[in-house]
Chemist: 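If you scroll down you'll find the structure; I have some questions about it.
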2 protein chains.
Amino acid sequence: MSKSRFQLLLSFVTILGASSQVFAQWEALPEQAPAPADNPTTAAKIELGRSLFFDPRLSSTGTVSCNSCHNVMLGGDDNRPVSMGVHGKLGGRSAPTVWNAAFNSSQFWDGRAKSLEEQALGPITNPIEMGLKDHAVAIKRIRAIKGYTPMFNKAFGGKNAVTVDNLARAIAAYERTLITPNSPYDRYVKGDKSAMTAKQVKGMKIFASLGCTGCHMGAAFSGPSMAPGTGFFMKFPTYTNNKYVKKYALMADKGRADKHEWKVPTLRNIALTAPYFHNGSVDSLKEAVRVMARTQLDKKLNKAQVDKLVAFLNALTGEFPVQPMPRLPSTDGWTFTSK
Amino acid sequence: MSKSRFQLLLSFVTILGASSQVFAQWEALPEQAPAPADNPTTAAKIELGRSLFFDPRLSSTGTVSCNSCHNVMLGGDDNRPVSMGVHGKLGGRSAPTVWNAAFNSSQFWDGRAKSLEEQALGPITNPIEMGLKDHAVAIKRIRAIKGYTPMFNKAFGGKNAVTVDNLARAIAAYERTLITPNSPYDRYVKGDKSAMTAKQVKGMKIFASLGCTGCHMGAAFSGPSMAPGTGFFMKFPTYTNNKYVKKYALMADKGRADKHEWKVPTLRNIALTAPYFHNGSVDSLKEAVRVMARTQLDKKLNKAQVDKLVAFLNALTGEFPVQPMPRLPSTDGWTFTSK
């Protein structure tokens with residue numbers, strides 16, 4: 001990256017850090033996510049999207065669904081450093097959680113997708129993820145599973161609604177329902193002062209005063225409100241003169257545009273989504289907190305600070321909505337060896 | 001196998017075929033499965049078992065759960081010729097459906113497990129399935145996921161209920177709830193003569209008169225009532241002088257005790273569980289019907305017979321109970337790279 005750009009970023013981080021109190025406007029998580037004008041969330045889309053999200057037949061081997069790596073029965077990820085796709089192939093980056101992804105202003109670690117709709121189509125044709133040759137194959141498979149056609153037609157109207165765009169829309173509509181409100185933090189900021197422990201409240205104050213809120217702001221702790229698709233990125237690591245950069249290979253992957261810039265990830269349910277960082281190199285939340293303080297704020301934390309910060313981060317674990325298990329439309333004699 | 005044994009089997013098949021009308025005592029599927037005396041089915045066990053069944057952390061890679069190959073959102077299998085386990089490894093035999101497995105008098109294609117409890121532990125340590133080194137590793141993992149301990153203790157009593165035996169019991173208790181009653185066939189034999197089409201009724205008669213009921217008898221079409229663990233096996237292929245044996249490599253795997261004997265599989269929901277046979281070599285139900293008639297009854301069917309038989313087999317698709325999606329206890333910072 002150019003020096004001027006680097007300095008600009010550094011300045012931004014510094015400014016945000018210095019003025020973190022201003023940004024620490026604590027917000028509860030909304031219980032609904034906004035939907036784009038061309039894809040309003042409806043019950044029919046949610047039901048269809050849930051089925052597609054869990055359907056392993058959208059992968060070349062029939063073994064990998066969206067849920068394989070973004071497991072909604074868990075914290076919305078797979079607790080692996082990097083995910084395992086078809087034929088046991090390993091991904092390059094750690095799967096981000098799908099829970100509350102609706103509040104990200106861009107998707108993927110490098111923000112290359114502007115919307116959930118755009119993101120949803122990526123893994124299906126990624127050769128190390130779901131591995132279909134192209135989206136036409138996905139549509140062909142969905143059409144071969146006869147029960148899907150009426151579900152698409154109901155969700156989107158018309159008689160020929162099984163399209164790539166609608167596939168993406170249905171999955172995105174379902175993902176917009178994956179919201180975890182009412183964490184201790186949410187209840188606290190809404191006025192229930194007993195919702196967080198004294199230790200968690202102290203951690204919350206440290207979180208703001210250290211400058212964590214410089215980046216991890218907003219209702220999802222993933223950045224300020226921005227126009228959808230804009231993305232909120234930070235350089236990571238910003239400070240490289242510390243032991244962590246080498247120990248956890250934090251610079252091996254150059255991130256967005258090879259500038260070591262990354263989307264600021266949500267901290268919602270962070271206690272459930274180990275291991276941490278784009279490369280899943282850190283197992284424990286305590287260590288992740290130490291690494292972040294050192295690499296992003298150039299600060300060494302003492303044990304008490306770390307403990308309180310971790311206590312606060314645990315207060316960001318929300319309530320997971322009860323969902324019905326989908327019944328996937330039957331395969332009707334079509335198999336993975338079918339021509 | 002010895003000649004006498006072979007002749008005995010052949011005679012058995014012939015006798016059953018000739019007297020099939022006697023055996024064609026059509027039975028509806030029970031809505032509850034019997035449980036062994038030492039593992040009564042309880043709500044707490046079902047809930048725990050469902051979580052364990054869906055938990056990919058019971059595999060070495062964290063990517064394969066019981067549900068991966070026995071997908072209850074589908075027909076209880078994976079629609080693959082053979083399953084894909086950890087690291088993309090391929091199994092040797094096609095995954096049987098878990099739906100109504102509670103009515104099998106033995107488990108696995110070769111009947112080597114006498115109960116659901118015994119079966120449940122097999123894949124966990126099979127190196128090409130879930131790949132854990134041993135069951136002690138499974139227990140260690142379950143204990144590391146702290147939310148499981150109270151679930152085990154509630155289900156089995158005591159304070160140290162996280163054991164291998166209880167792991168098996170919980171999964172088996174859940175599996176005993178996986179029953180699909182009220183198929184058109186069930187409603188028909190209970191007296192609703194409009195539940196099956198005229199074509200399906202004709203298929204049902206052909207099914208009996210051909211001799212299919214010689215093996216595929218009983219409520220689950222998987223054999224007669226037998227003491228749990230006894231197993232009901234047949235030689236397959238019995239008649240080998242036909243094109244199918246080579247085309248579908250039906251003798252490549254020698255089955256139980258290298259005698260080409262196999263557990264008689266249920267025909268419940270057979271329309272949903274392609275591909276067919278122990279090696280998953282046949283994609284379509286029509287072809288599977290032709291193969292069975294030729295290899296087991298030495299009969300060539302005409303198109304009309306096949307169509308009616310397939311229509312009847314489609315009447316065996318039951319109602320799948322609505323299930324809640326489990327919330328798996330959280331990983332709490334433990335990951336697959338944790339020591």
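Each chain gets a letter, A, B and so on, in the order the sequences are listed, and its residues count up from 1. Basis for what follows: all heavy atoms, side chains included, without hydrogens, waters or symmetry-related copies.
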Chemist: How many angstroms lie between atom OG of A:Ser65 and atom CE of B:Met73, to the nearest 0.5 angstrom?
Modeler: 7.5 Å
Chemist: Treating B:Arg327 as the side-chain partner and A:Leu74 as the backbone partner, does any N or O pair qualify as donor plus acceptor under 3.5 Å?
Modeler: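 Judged by distance alone, yes, a pair lies under 3.5 Å.
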Chemist: To the nearest 0.5 Å, what is the distance between CD1 (B:Ile145) and CG (A:Asn79)?
Modeler: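 Reported to 0.5 Å precision, the distance equals 8.5 Å.
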Chemist: Any donor and acceptor pair, going by atom type alone, linking the side chain of B:Arg80 with main-chain N or O of A:Thr61 inside 3.5 Å?
Modeler: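 Answer holds: yes.
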Chemist: Check whether B:Asn269 gets within reach of chain A through its side chain, its backbone, both or neither, counting any heavy atom under 4.5 Å.
Modeler: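 Neither; nothing under 4.5 Å.
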Chemist: Any side-chain heavy-atom pair from B:Ser68 and A:Thr63 closer than 4.5 angstrom?
Modeler: no
Chemist: Between A:Asn314 and chain B, which part of the residue has a heavy atom less than 4.5 Å away: side chain, backbone, both or neither?
Modeler: neither
Chemist: In terms of heavy-atom pairs under 4.5 Å, which option from A:Pro324, A:Gly85, A:Cys69 contacts chain B the most?
Modeler: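 Sorted descending by pairs with chain B, the first entry is A:Pro324.
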Chemist: Going from CG on A:Leu328 to CG on B:Leu272, what distance comes out if it is rounded to the nearest 0.5 angstrom?
Modeler: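 The distance works out to 11.0 Å.
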Chemist: Can you tell me if B:Glu47 has over 12 outside heavy atoms packed within less than 6.0 Å of its CD?
Modeler: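 No, the 6.0 Å shell around CD holds no more than 12 heavy atoms from other groups.
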Chemist: Which bit of B:Val64 is near chain A, if near means a heavy-atom gap under 4.5 Å: side chain, backbone, both or neither?
Modeler: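 Neither part.
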Chemist: I need the B:Asn71 CG to A:Asp55 CG distance, nearest 0.5 Å.
Modeler: 8.0 Å
Chemist: Please classify the contact between A:Val86 and chain B as side chain, backbone, both or neither, with a heavy-atom cut-off of under 4.5 Å.
Modeler: neither
Chemist: Do B:His87 and A:His87 have side chains that approach each other closer than 4.5 Å (heavy atoms only, starting at C-beta)?
Modeler: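 Heavy-atom side-chain distance check fails, nothing below 4.5 Å.
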Chemist: Run the side chain to side chain contact (heavy atoms under 4.5 Å, CB included) test on A:Met325 and B:Phe54 for me, step by step, so that the C-alpha distance in whole Å, both residues' side-chain angles and the decisive distance to 0.1 Å come before the verdict.
Modeler: CA-CA 11 Å; A:Met325 194 183 293; B:Phe54 277 92; 3.4 Å; yes
